[in-house]
Amino acid sequence: MLAELSMHIMDIVQNSLSAGASLVRVKIEQNDSLDTLAIEIEDNGRGMTEEEVKRVQDPFFTTKSYKKVGLGIPLFKQIAEHCDGSFEIKSVPGKGTLIRARFRKSHIDLPPIGNLKDTILTLVVGKPDIDFVFEIYKDGESFILDTREIKKELQDVPVNHPEVIRFLEEYIDKNLKAMEVVS
């Protein structure tokens with residue numbers, strides 16, 4: 001089992017990239033008054049049929065030829081359901097996939113969010129040709145990082161330029177700390 005929710009996010013985003021996505025949206029919504037934490041990952045990859053959606057929730061199914069099991073999605077689903085939450089996958093072939101997990105935030109077995117800053121930074125810098133939208137909401141506050149807007153501002157400077165990486169690291173860290181997302 002992955003020890004942190006940010007590692008699950010990374011794993012599922014890697015699935016999106018393997019499915020040919022050029023745009024991935026990650027939404028994290030924490031509502032302390034409702035005692036909920038929701039994580040959504042949506043992509044514009046090749047999508048799946050209803051049968052494939054059922055099969056990806058089976059730990060003994062994987063589309064990767066170098067693996068015999070595919071535990072990422074089944075474990076993410078198991079954590080959500082174990083933490084008094086819910087899990088769903090909506091997918092349309094040729095259009096993309098949405099994975100949504102909800103958790104009871106105060107559940108004793110809810111893993112920590114982990115190093116969300118490094119997860120975001122690794123994806124943005126490691127996949128500069130992919131567009132990412134990270135939406136973080138907590139009790140009325142929000143932090144949104146959209147690489148399409150950043151790339152427009154940077155013009156010809158790549159998002160993985162050392163000075164841009166340094167800026168992004170500080171920018172993401174400052175905003176996540178200010179919001180105190182999942183402590």
Side-chain angles (χ1 to χ4, degrees), residues 2 4-29 38-58 61-67 70-77 80 87-102 113-137 142-173 175-176 181:
L2 300 174
E4 300 175 342
L5 292 172
S6 59
M7 296 171 85
H8 284 279
I9 292 169
M10 178 71 83
D11 182 66
I12 292 171
V13 170
Q14 291 300 327
N15 290 345
S16 295
L17 300 179
S18 295
S22 61
L23 173 64
V24 179
R25 182 181 65 86
V26 177
K27 179 179 175 184
I28 300 171
E29 189 167 8
I39 297 174
E40 290 183 5
I41 300 163
E42 184 174 24
D43 69 55
N44 67 348
R46 66 179 151 268
M48 297 179 281
T49 64
E50 281 185 44
E51 182 61 33
E52 288 171 317
V53 168
K54 289 178 188 168
R55 290 178 26 197
V56 297
Q57 296 178 61
D58 176 352
F61 172 78
T62 182
T63 57
K64 298 174 178 93
S65 60
Y66 58 90
K67 295 170 69 178
L71 297 175
I73 290 175
L75 288 176
F76 195 49
K77 177 183 178 183
F87 180 85
E88 69 177 316
I89 300 176
K90 293 181 177 179
S91 191
V92 177
K95 298 213 173 188
T97 300
L98 167 68
I99 292 179
R100 180 181 294 132
R102 290 190 176 277
I113 194 75
N115 195 332
L116 189 56
K117 177 196 75 176
D118 283 356
T119 298
I120 294 171
L121 196 60
T122 298
L123 290 169
V124 170
V125 172
K127 298 292 182 186
D129 297 333
I130 304 297
D131 287 318
F132 292 98
V133 179
F134 294 94
E135 301 174 51
I136 318 291
Y137 300 93
S142 64
F143 167 59
I144 299 173
L145 182 100
D146 186 334
T147 61
R148 296 171 297 185
E149 293 176 10
I150 293 169
K151 289 173 184 175
K152 190 186 303 180
E153 289 295 322
L154 291 172
Q155 297 179 354
D156 294 334
V157 179
V159 291
N160 56 4
H161 184 281
E163 289 183 31
V164 176
I165 293 171
R166 199 172 10 262
F167 167 79
L168 287 172
E169 185 173 15
E170 291 173 8
Y171 180 68
I172 296 166
D173 189 50
N175 281 283
L176 292 179
V181 175

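Keep in mind it's a predicted model, so treat the numbers as computed, not measured.
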* **Heavy-atom pair with the smallest gap, counting every atom of S6 and T119** => CB-OG1, 3.3 Å

* **Heavy-atom closest pair, residues G47 and E52** => O-OE1, 4.4 Å

* Taking every non-hydrogen atom, the tightest pair across N115 and E4 -> N-OE1, 3.6 Å

* Asked: Taking all atoms of both residues into account, what is the closest heavy-atom pair of G20 and R46, and its distance?
  -> N-NH1, 4.1 Å

* To do: To the nearest 0.5 angstrom, please state how far the CD atom of Q57 sits from the CD1 atom of I99.
  => 8.5 Å

* Tell me, please, which residues at least two apart from R166 pass salt bridge (charged side-chain N to carboxylate O under 4.0 Å, His left out). => none

* Asked: How would you list, by chain and number, every residue that makes a side chain to side chain contact (heavy atoms under 4.5 Å, CB included) with V125, sequence neighbours excluded?
  -> L121, N160, I165

* To do: Mind checking the OG-CG spacing from S16 to D11? Nearest 0.5 Å is all I need.
  => 10.0 Å

* To do: Can you sort out the partners of E135 under salt bridge (charged side-chain N to carboxylate O under 4.0 Å, His left out), two or more places apart, ordered by chain and number?
  => R25

* Asked: Which pair of heavy atoms, one from S91 and one from T97, lies closest together, and at what distance?
  -> OG-OG1, 2.7 Å

* Under 3.5 Å donor-acceptor, T147 side chain and I150 backbone -> no

* Asked: Can you list every salt bridge (Lys or Arg N to Asp or Glu O under 4.0 Å) pair that touches residues 116-131, not counting sequence neighbours?
  -> K117-E169, D131-K151

* Asked: Do Y171 and L145 pass the side-chain contact (heavy atoms from CB on, under 4.5 Å) test, and can you show the C-alpha distance, the side-chain angles, and the key distance before you say yes or no?
  -> CA-CA 10 Å; Y171 180 68; L145 182 100; 3.7 Å; yes

* Show the numbers, then the answer: is there a side-chain contact (heavy atoms from CB on, under 4.5 Å) between N175 and I136? => CA-CA 10 Å; N175 281 283; I136 318 291; over 6 Å; no

* Asked: K54: what forms a salt bridge (charged side-chain N to carboxylate O under 4.0 Å, His left out) with it, not counting sequence neighbours?
  -> none

* Structure fact -> When every non-hydrogen atom of M48 is compared with those of P93, the smallest separation belongs to O-CD, 3.3 Å

* Asked: Quick one: does D43's side chain have a donor or acceptor within less than 3.5 Å of a partner on V13's backbone?
  -> no

* **Set of salt bridge (charged side-chain N to carboxylate O under 4.0 Å, His left out) partners for D146, sequence neighbours left out** => R148

